[in-house]
Student: 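Following this message is one structure expressed as structure tokens.
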Amino acid sequence: MKMRLKLKSVFVLYFMVSLLGLIYALMQLGQRCDCTGHDIPKERVISRLRGELHRLQEQMRKSGEIQQPQKDPKSSLPTIFVITPTYARLVQKAELTRLSQTFLHVPQLHWIVVEDSNHKTPLVRDLLAKSGLTYTHLHVATAKERKLQEGDPNWLKPRGVEQRNEALHWLRQETHKQQGVVYFADDDNTYSLQLFEEMRNTQRVSVWPVGLVGGMKYEKPVVEGGKVVRFHTGWRPSRPFPMDMAGFAVSLKLVLANPDSWFDGMAPMGFLESSFLQGLVTMDQLEPKADDCSLVLVWHTRTEKPKMKREEALQAQGLGSDPHMEV
């Protein structure tokens with residue numbers, strides 16, 4: 001808006017000066033020239049007009065209409081480094097598209113996407129290139145013996161361990177002492193934009209509720225007197241940090257200052273988050289956000305696996321969908 005006002009002011013100023021010059025020229029047309037030495041030379045007229053222009057510019061500068069460009073306040077915000085493990089499946093592109101378009105509304109966000117793959121896939125590479133986001137594309141494959149098999153329940157083995165650790169390794173190698181916060185955002189969750197502003201100024205580890213997780217409407221830290229004193233959870237509340245991965249963010253400085261803190265892929269079921277956080281923070285140091293953990297701003301919404309019975313039937317007849325069409 002300020003830029004539009006400045007451009008408008010400059011345009012009006014030059015229009016006025018040009019109009020004065022045009023009026024003067026028209027006044028001279030048709031008048032008899034007595035060829036005396038009392039005529040005002042055109043150089044003097046031009047000089048007078050330039051002087052008038054300078055005077056008007058000075059008045060505008062003093063009145064504040066001409067201002068120096070202001071620095072974008074967003075550039076001084078701490079960067080949110082969002083780490084997202086992902087793997088190839090039918091809904092992968094849909095999940096990443098939805099997530100990327102949420103992130104477009106968050107200023108100063110750097111998306112670190114880590115594929116569970118031996119190489120970077122064209123699908124993820126092209127999606128990131130077209131996303132409009134600042135991003136880093138990494139890959140590391142989960143060991144075969146640690147992968148879930150068809151029909152295994154989601155809780156049987158921890159997922160995304162190698163991918164999150166790969167992202168932590170990249171942060172420790174590439175970011176040094178940059179101000180920021182680290183958040184682990186799975187690609188099948190739903191995120192409120194408010195959540196990212198809640199976490200942005202995390203000093204150590206900030207926490208909040210997560211909806212639709214652990215067989216409950218929500219899990220949350222219980223806050224008394226501004227401190228987390230216990231956790232509202234339905235399964236093993238005695239765990240050191242009985243929280244979902246989506247329920248906390250960590251200061252980048254804390255991550256860099258503790259290079260031995262990683263996710264333990266051999267941790268017992270439900271202890272993956274604790275394996276990382278135990279070396280970083282105590283319960284007393286947790287920073288409750290989201291109005292003392294009274295607001296749900298992230299939901300653990302898994303997408304239903306698509307059923308392909310009709311597709312398989314058509315393929316058996318040689319009429320299946322084009323395998324080269326990316327879904």
Side-chain angles (χ1 to χ4, degrees), residues 79-106 108-154 156-171 173-175 182-191 193 195-196 245-246 263 265 298-316 318-327:
T79 301
I80 298 175
F81 292 92
V82 178
I83 295 172
T84 300
T86 189
Y87 65 99
R89 61 203 191 278
L90 279 174
V91 298
Q92 183 184 29
K93 186 176 182 180
E95 303 277 38
L96 292 175
T97 297
R98 178 175 50 125
L99 194 53
S100 68
Q101 292 180 5
T102 296
F103 291 163
L104 278 172
H105 298 281
V106 183
Q108 283 297 104
L109 183 143
H110 186 129
W111 196 16
I112 305 174
V113 179
V114 192
E115 292 194 72
D116 185 351
S117 173
N118 289 315
H119 54 84
K120 297 177 181 178
T121 65
L123 184 150
V124 176
R125 180 196 63 210
D126 294 344
L127 185 146
L128 289 173
K130 296 173 183 176
S131 69
L133 293 163
T134 300
Y135 68 88
T136 295
H137 185 188
L138 305 172
H139 69 94
V140 60
T142 300
K144 186 176 180 180
E145 64 273 11
R146 294 169 51 78
K147 277 183 174 290
L148 288 173
Q149 302 302 312
E150 187 70 28
D152 286 346
N154 290 327
L156 186 61
K157 296 177 182 178
R159 296 175 299 159
V161 176
E162 287 89 342
Q163 290 72 41
R164 295 186 185 98
N165 284 339
E166 180 71 10
L168 289 171
H169 176 74
W170 182 89
L171 283 169
Q173 293 293 315
E174 302 296 333
T175 55
V182 180
Y183 182 53
F184 302 94
D186 290 347
D187 58 7
D188 56 354
N189 290 346
T190 302
Y191 304 89
L193 295 179
L195 177 67
F196 299 97
M245 195 71 67
F263 289 98
V298 55
W299 297 262
H300 210 273
T301 48
R302 290 194 180 97
T303 302
E304 181 181 0
K305 184 177 180 180
K307 297 178 176 61
M308 295 285 111
K309 290 184 178 180
R310 287 190 176 87
E311 181 70 40
E312 291 166 0
L314 286 173
Q315 287 179 355
L319 301 172
S321 301
D322 183 354
H324 298 100
M325 185 170 179
E326 187 178 273
V327 178

Student: Do you know which two heavy atoms are closest between Ser131 and Leu104, and how far apart they sit?
Tutor: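 In this case the closest contact between Ser131 and Leu104 is O-CD2, 3.3 Å.
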Student: Roughly how far, to the nearest 0.5 Å, is CG of Asp126 from CD of Glu326?
Tutor: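 It is 6.5 Å, given to the nearest 0.5 Å.
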Student: Grab the two heavy atoms, one from Tyr135 and one from Ala129, that are nearest each other, plus how far apart they are.
Tutor: OH-CA, 3.6 Å
Student: Taking C-beta and beyond as the side chain, do Leu193 and Thr102 meet within less than 4.5 Å on heavy atoms?
Tutor: yes
Student: Would you say Trp111 and Ser100 are linked by a side-chain donor-acceptor pair, where the criterion is simply a distance under 3.5 Å?
Tutor: no
Student: Check whether any side-chain heavy atom of Val140 sits under 4.5 Å from a side-chain heavy atom of Gln163, and report yes or no.
Tutor: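 In short, these two side chains touch, coming nearer than 4.5 Å.
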Student: Are Phe81 and Thr136 close enough that some pair of their side-chain heavy atoms sits under 4.5 Å apart?
Tutor: no
Student: Can you measure from CD (Glu162) to NE2 (His169) and round to the nearest 0.5 angstrom?
Tutor: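 Here the interatomic distance stands at 14.5 Å.
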Student: Are side-chain heavy atoms of Lys305 and Leu90 found at a separation under 4.5 Å?
Tutor: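 Contact flag for Lys305/Leu90 side chains = no.
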Student: Specify whether Tyr191 and Phe103 have parallel, tilted or perpendicular ring planes, treating 30° as the upper limit for parallel and 60° as the lower limit for perpendicular.
Tutor: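 Tyr191 vs Phe103 ring planes: tilted.
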Student: Search all heavy atoms of Ala185 against all heavy atoms of Val82 and return the closest pair with its distance.
Tutor: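 Closest approach of Ala185 to Val82, heavy atoms only: CB-CG1, 3.4 Å.
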Student: Without swapping roles, check the side chain of Asp187 against the backbone of Leu96 for a donor-acceptor pair under 3.5 Å.
Tutor: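 No, the answer is negative, given that no donor and acceptor are paired below the 3.5 Å cut-off.
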Student: Any side-chain heavy-atom pair from Arg159 and Pro85 closer than 4.5 angstrom?
Tutor: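 With C-beta onward as the side chain, the pair stays apart.
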Student: Would you say Tyr87's side chain and Gln92's backbone share a donor-acceptor pair under 3.5 angstrom?
Tutor: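 No, Tyr87 side chain to Gln92 backbone: no donor-acceptor pair under 3.5 Å.
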Student: For the residue pair Pro306 and Met308, what are the closest heavy atoms and their distance?
Tutor: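 Reported closest heavy-atom pair: CB-CE, 3.7 Å.
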Student: Does the side chain of Leu171 come within less than 4.5 Å of Ile83's, by heavy atoms?
Tutor: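 The answer is yes; the side chains approach within 4.5 Å.
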Student: Quick check on ring pair (Phe, Tyr, Trp, His ring centres under 6.0 Å): which of His137, His110, His139 does Trp170 satisfy it with?
Tutor: His110
Student: State, yes or no, whether a side-chain contact exists between Thr303 and Arg98 at a heavy-atom distance under 4.5 Å.
Tutor: yes
Student: When rounded to the nearest 0.5 angstrom, what distance separates NZ in Lys307 from CD in Glu312?
Tutor: 12.0 Å
Student: How long is the gap from CD on Glu115 to OG1 on Thr121, to the nearest 0.5 Å?
Tutor: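 Between Glu115 CD and Thr121 OG1, I get 3.5 Å after rounding to 0.5 Å.
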Student: To the nearest 0.5 Å, tell me how far Thr134 OG1 sits from Leu128 CG.
Tutor: 11.5 Å
Student: Give, for atom CD1 of Ile112 and atom OH of Tyr183, the distance between the pair rounded to the nearest 0.5 Å.
Tutor: 14.5 Å
Student: Which heavy atom in Ala167 sits nearest to a heavy atom in Val114, and how many Å separate them?
Tutor: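 Where Ala167 meets Val114 most closely, the heavy atoms are CB-CG2, 3.9 Å.
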Student: Taking the side chain as every heavy atom from C-beta outward, state whether Arg164 and Asp186 have any pair of such atoms under 4.5 Å apart.
Tutor: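 Answer yes - side chains close enough.
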